[in-house]
Amino acid sequence: MERTIFIDGMPLPFCARDTGIYLGIFIVLVYCIVRGKLRSDRVPSTGISVILAILMIPMMVDAVTSYISIRQTDNIIRLVTGIFFGMSMGILLIPAANFKVYEANKLKIIDGWIDVVILSFINILVCVVILRFSILRWAIVATASIIGLVFIIGRFIFTLIKMLNIGNPKSSVLYASVLTIIAFGLLYVLRCLLLGPIRSLIL
């Protein structure tokens with residue numbers, strides 16, 4: 001519980017780091033929907049992609065160094081590094097499924113550095129609002145992070161379906177939706193069958 005952020009006296013569904021990751025993905029998702037970029041097929045420029053990759057490093061360093069007890073971390077660092085990791089992952093993953101190998105890719109996921117700055121500002125603002133103010137209710141933050149998780153799992157599956165050219169291309173979204181539901185069902189079953197008994201043995 002010490003790794004979880006509390007809002008309105010209730011813990012969020014995920015730890016602070018995972019909450020950050022899924023919120024970062026959710027913010028990118030909303031940004032792309034608003035800007036009509038959800039069907040983008042063109043990855044960011046090399047320079048922007050390098051910066052996005054660099055923005056993912058702090059979370060990995062924070063996670064590894066804290067888990068092997070080199071240093072202590074806290075929920076502020078977990079949330080902030082996680083949200084930038086999620087932002088970068090979302091930007092790089094969304095165009096992956098629509099990328100065309102033998103045709104021109106025309107719709108950019110982001111238009112340039114200004115988009116990176118805007119998204120970064122939104123991420124920081126969300127972190128400040130969650131950590132310092134009581135504006136966002138528990139249900140809003142929890143729902144947004146769950147949507148981020150469902151979207152990223154669904155997008156991974158959708159990307160695999162497109163890459164492997166499974167079934168009718170026009171039904172890819174339907175296939176991905178069904179497989180995403182199945183994936184979450186399997187995760188739930190594994191959690192009940194494996195984690196429950198393991199926790200009871202430990203406790």
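Along the sequence shown, residues are numbered consecutively beginning with 1.
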I'd like to know if the side chain of W138 and the backbone of P11 have a donor-acceptor N/O pair within less than 3.5 Å. yes
Evaluate the side-chain proximity of D41 to P95: yes if any heavy-atom separation is below 4.5 Å, no if none is. no
Spell out, yes or no, whether F121 and M87 are grouped together once hydrophobic residues are joined by side-chain heavy atoms under 4.5 Å, including indirect joins. yes
Salt bridge or not between K108 and D115? Use side-chain N to carboxylate O under 4.0 Å. no
What heavy-atom pair brings L55 and F84 nearest, and what distance separates the two atoms? O-CB, 4.1 Å
Of the non-hydrogen atoms in M56 and M60, which two are nearest, and what is the gap between them? O-CE, 3.4 Å
With a 4.5 Å heavy-atom cut-off, do V43 and I109 have their side chains touching? no
If you take all heavy atoms of T73 and S66, which pair is closest and at what distance? CG2-CB, 3.6 Å
Using side-chain heavy atoms (C-beta onward) and a distance below 4.5 Å, is L119 in contact with Y31? yes
Residue pair W113 / I51, side-chain heavy-atom distance below 4.5 Å: yes
For L107 against G36, the heavy-atom pair lying closest together: CD2-O, 3.8 Å
Keeping the roles fixed (side chain from T143, backbone from I140), state whether a donor-acceptor pair exists under 3.5 Å. no
Separation of I54 CD1 from S49 OG (nearest 0.5 Å): 11.0 Å
So which atom in L12 and which in A142 form the shortest heavy-atom distance, rounded to 0.1 Å? CD2-N, 4.0 Å
Less than 4.5 Å apart, any side-chain heavy atom of I83 and any of I21? no
Step through the shown structure and confirm whether more than 12 heavy atoms of other residues, nucleotides or ligands are within 6.0 Å of CZ on R71. yes
Measure from the side-chain N and O atoms of R155 to the backbone N and O of I94, and report whether any donor-acceptor pair falls under 3.5 Å. yes
From I33 CD1 over to L38 CG, what is the distance, rounded to the nearest 0.5 angstrom? 5.5 Å
Shared hydrophobic cluster for V150 and I153 (ILVMFWY, side-chain gaps under 4.5 Å): yes
For the CZ atom on R39, are there more than 12 heavy atoms of other groups (residues, nucleotides or ligands in this structure) within a distance under 6.0 Å? no
Rounded at 0.5 Å granularity, tell me how far CG in D111 sits from OG in S40. 10.0 Å
Interatomic spacing from CG in L79 to CG in D18 - rounded to 0.5 Å: 11.0 Å
Give me the atom names and distance for the closest heavy-atom approach of T4 to C15. OG1-CA, 4.2 Å
Would you call R78 and D62 a salt bridge, taking side-chain N to carboxylate O under 4.0 Å as the test? no
Verify the cluster assignment for F158 and I181: are they in a single hydrophobic cluster under the rule of side-chain heavy atoms below 4.5 Å apart? no
Verify the cluster assignment for F85 and I122: are they in a single hydrophobic cluster under the rule of side-chain heavy atoms below 4.5 Å apart? yes
Any side-chain heavy atom of I91 within less than 4.5 Å of one from K37? no
Sub-6.0 Å ring centroid separation between F26 and F151: no
With the side chain counted from C-beta on, respond yes when I5 and L131 share a heavy-atom pair under 4.5 Å apart, and no when they do not. yes
Go through I70 and V64 one step at a time and tell me if the side chain to side chain contact (heavy atoms under 4.5 Å, CB included) criterion holds. CA-CA 9 Å; I70 291 178; V64 171; over 6 Å; no
Kindly determine whether F133 and V128 satisfy side chain to side chain contact (heavy atoms under 4.5 Å, CB included), including the steps that lead there. CA-CA 7 Å; F133 303 100; V128 169; 3.7 Å; yes
Single-linkage hydrophobic cluster, 4.5 Å side-chain cutoff, L92 and I114 together: yes
If I take atom CG from residue L23 and atom OG from residue S145, how far apart are they, to the nearest 0.5 angstrom? 5.5 Å
Straight-line distance of L93 CG to I25 CD1, nearest 0.5 Å: 8.0 Å
If we ignore hydrogens and angles and just use 3.5 Å, is the side chain of D8 paired with the main-chain N or O of M10 as donor and acceptor? no
